[in-house]
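Note: hydrogens, waters and symmetry copies are ignored here, and every other heavy atom, side chains too, is used.
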Amino acid sequence: YKILKTILKNARMKTIDMEIALMDFFDFRQNIIVPNISYGLFIHECDLLVISKAVYLTEIEIKISKADLLKDMEKKHKHIDNQNRIKKFYFAIPKSMECYSNYIPKNAGIITVEEGDFIGQTQILKESPINKESRIITIEEKWQILRLGTMRIYTLKNKISELYKQKAENIIRELPE
């Protein structure tokens with residue numbers, strides 16, 4: 001038990017852990033939050049997109065390693081939406097990566113997510129500059145984001161179903177004949 005607890009405590013944070021912590025932080029009960037938006041809306045992928053009650057968008061770029069953060073600097077789009085739909089833009093990183101925050105672009109805020117026993121504790125290290133040119137999204141854009149979010153739910157439910165089937169098959173294989 002102690003070994004398992006140590007392994008879990010020292011396990012490297014996964015993107016899904018960050019997504020869950022950030023969805024809690026941005027309050028999914030009050031805002032629409034959809035992961036992995038790109039197809040049909042943006043020229044770049046948004047790791048998390050938040051639609052506020054005021055119908056403004058916040059983009060969150062999630063990085064879980066220094067290599068991942070450095071690779072982001074090579075992207076051509078620089079997280080700029082030419083249609084001014086993004087009001088706030090953040091990079092979210094594990095707390096242990098705070099020392100690499102100097103690699104984060106100046107036009108981005110910084111959010112840290114605690115790891116280990118305190119996983120999910122989230123705080124804003126640097127507030128995002130507000131894009132004063134941003135606009136509220138149109139009803140068509142909102143529906144497109146909602147549709148893409150529904151597609152994510154469908155895909156995840158299919159994955160869960162497949163995992164259940166695999167687990168059942170493994171249990172059946174292990175049963176004595």
Side-chain angles (χ1 to χ4, degrees), residues 7-137 141-142 144-146 148-149 152 156:
I7 290 169
L8 290 174
K9 186 176 181 179
N10 295 320
R12 194 168 147 230
M13 187 175 287
K14 306 270 187 285
T15 301
I16 194 167
D17 300 322
M18 296 280 290
E19 287 174 338
I20 291 167
L22 292 163
M23 286 177 162
D24 282 340
F25 183 74
F26 281 96
D27 195 356
F28 63 89
R29 290 171 197 86
Q30 297 295 316
N31 298 296
I32 297 167
I33 305 172
V34 181
N36 310 110
I37 296 286
S38 61
Y39 166 75
L41 196 65
F42 289 99
I43 60 167
H44 67 277
E45 181 179 55
C46 300
D47 291 338
L48 270 185
L49 195 61
V50 179
I51 304 175
S52 69
K53 282 184 177 181
V55 204
Y56 283 102
L57 296 180
T58 298
E59 177 186 351
I60 300 106
E61 180 69 14
I62 298 171
K63 298 296 167 194
I64 59 169
S65 70
K66 181 183 178 187
D68 190 22
L69 183 59
L70 293 175
K71 191 173 180 182
D72 197 84
M73 296 172 70
E74 298 170 10
K75 292 180 178 174
K76 292 180 178 153
H77 60 74
K78 306 293 181 201
H79 299 280
I80 295 172
D81 174 34
N82 294 328
Q83 295 184 40
N84 284 321
R85 294 171 290 192
I86 305 295
K87 185 172 185 173
K88 289 185 173 185
F89 171 55
Y90 291 95
F91 269 74
I93 57 175
K95 180 86 170 149
S96 63
M97 286 181 52
E98 195 173 318
C99 58
Y100 303 120
S101 60
N102 57 315
Y103 293 107
I104 294 173
K106 301 290 182 232
N107 70 323
I110 303 171
I111 300 172
T112 60
V113 178
E114 193 65 57
E115 302 155 276
D117 287 342
F118 301 101
I119 193 163
Q121 289 185 0
T122 307
Q123 68 178 34
I124 294 178
L125 184 64
K126 177 189 160 202
E127 187 58 62
S128 168
I130 293 175
N131 175 3
K132 292 183 171 87
E133 303 295 317
S134 65
R135 62 174 173 82
I136 61 173
I137 59 172
E141 291 167 331
K142 185 176 179 180
Q144 177 71 342
I145 294 167
L146 293 171
L148 293 170
R152 302 293 176 273
L156 287 172

> Between atom OG1 of Thr58 and atom CD1 of Ile86, what is the distance when rounded to the nearest 0.5 Å?
Replying inline: 7.5 Å
> Is the number of heavy atoms from other residues, nucleotides or ligands within 6.0 Å of NZ (Lys126) greater than 12?
Replying inline: yes
> Can you name the closest pair of heavy atoms from Gly109 and Ile104 and give their distance?
Replying inline: O-CG2, 4.5 Å
> Would you say the side chain of Val34 lies within less than 4.5 Å of the side chain of Leu146, judging by non-hydrogen atoms?
Replying inline: no
> Rounded to the nearest 0.5 Å, what separation is found between the OH atom of Tyr56 and the CG atom of Asn31?
Replying inline: 14.5 Å
>> Please give me the minimum heavy-atom distance between Pro35 and Arg152, naming the atom from each residue.
In response: O-NE, 3.3 Å
>> Quick check: do Ile60 and Phe26 have side-chain heavy atoms less than 4.5 Å from each other?
In response: yes
Side chains of residues 93-101: which donor-acceptor pairs under 3.5 Å do they make with residues two or more places apart or in other chains?
from	atom 1	to	atom 2	distance (Å)
Lys95	NZ	Glu98	OE1	2.8
Ser96	OG	Glu115	OE1	2.8
Ser96	OG	Glu115	OE2	3.2
Ser101	OG	Glu98	O	3.0

> To the nearest 0.5 Å, how far apart are OG1 in Thr112 and CD1 in Ile110?
Replying inline: 9.0 Å
> So do the side chains of Glu45 and Asn36 get within less than 4.5 Å of each other, counting heavy atoms only?
Replying inline: yes
> Residues in side-chain hydrogen bond (donor to acceptor under 3.5 Å, both in side chains) with Asn84, at least two apart?
Replying inline: Asn131
>> Can you list everything that forms a ring-ring contact (aromatic ring centres under 6.0 Å, His included) with Phe89? Sequence neighbours excluded, please.
In response: His79, Phe91
> Would you call Lys66 and Tyr103 a side-chain contact if the rule is heavy atoms closer than 4.5 Å?
Replying inline: yes
> Could you go step by step and tell me if Ile32 and Lys142 meet the side chain to side chain contact (heavy atoms under 4.5 Å, CB included) rule?
Replying inline: CA-CA 10 Å; Ile32 297 167; Lys142 185 176 179 180; 3.9 Å; yes
>> Measuring only between side-chain heavy atoms, which start at C-beta, is Ile130 closer than 4.5 Å to Lys88?
In response: yes
>> Just checking Ile16: does its CD1 atom have more than 12 heavy atoms from other residues, nucleotides or ligands closer to it than 6.0 angstrom?
In response: no
> Can you name the residues that form a side-chain hydrogen bond (donor to acceptor under 3.5 Å, both in side chains) with Glu133, not counting sequence neighbours?
Replying inline: none
> side chain to side chain contact (heavy atoms under 4.5 Å, CB included) with Asp47: which of Glu61, Met18, Glu19?
Replying inline: Glu61
>> Once salt bridge (charged side-chain N to carboxylate O under 4.0 Å, His left out) is applied, do any residues pair with Glu141, and if so which ones, sequence neighbours excluded?
In response: Arg85, Arg135
>> Restricting to side-chain hydrogen bond (donor to acceptor under 3.5 Å, both in side chains), what partner residues turn up for Asp27, sequence neighbours left out?
In response: none
> Are Asp72 and Asp68 close enough that some pair of their side-chain heavy atoms sits under 4.5 Å apart?
Replying inline: no
> Mind checking what makes side-chain hydrogen bond (donor to acceptor under 3.5 Å, both in side chains) contact with Lys106, not counting sequence neighbours?
Replying inline: none
> Can you tell me how far the CD1 atom of Ile136 sits from the CD1 atom of Ile51, to the nearest 0.5 Å?
Replying inline: 11.5 Å
> Just how far is it from atom CG of Leu48 to atom CD of Glu59, taken to the nearest 0.5 Å?
Replying inline: 9.5 Å
> Can you find a pair of side-chain heavy atoms, one from Ile145 and one from Leu57, that are under 4.5 Å apart?
Replying inline: yes
>> List the residues meeting side-chain contact (heavy atoms from CB on, under 4.5 Å) with Ala67, not counting sequence neighbours, and say none if there are none.
In response: Ser65
>> Tell me every residue that passes side-chain contact (heavy atoms from CB on, under 4.5 Å) with Ile124, counting only those two or more places apart in sequence or in another chain.
In response: Phe25, Tyr90, Ile111, Glu127
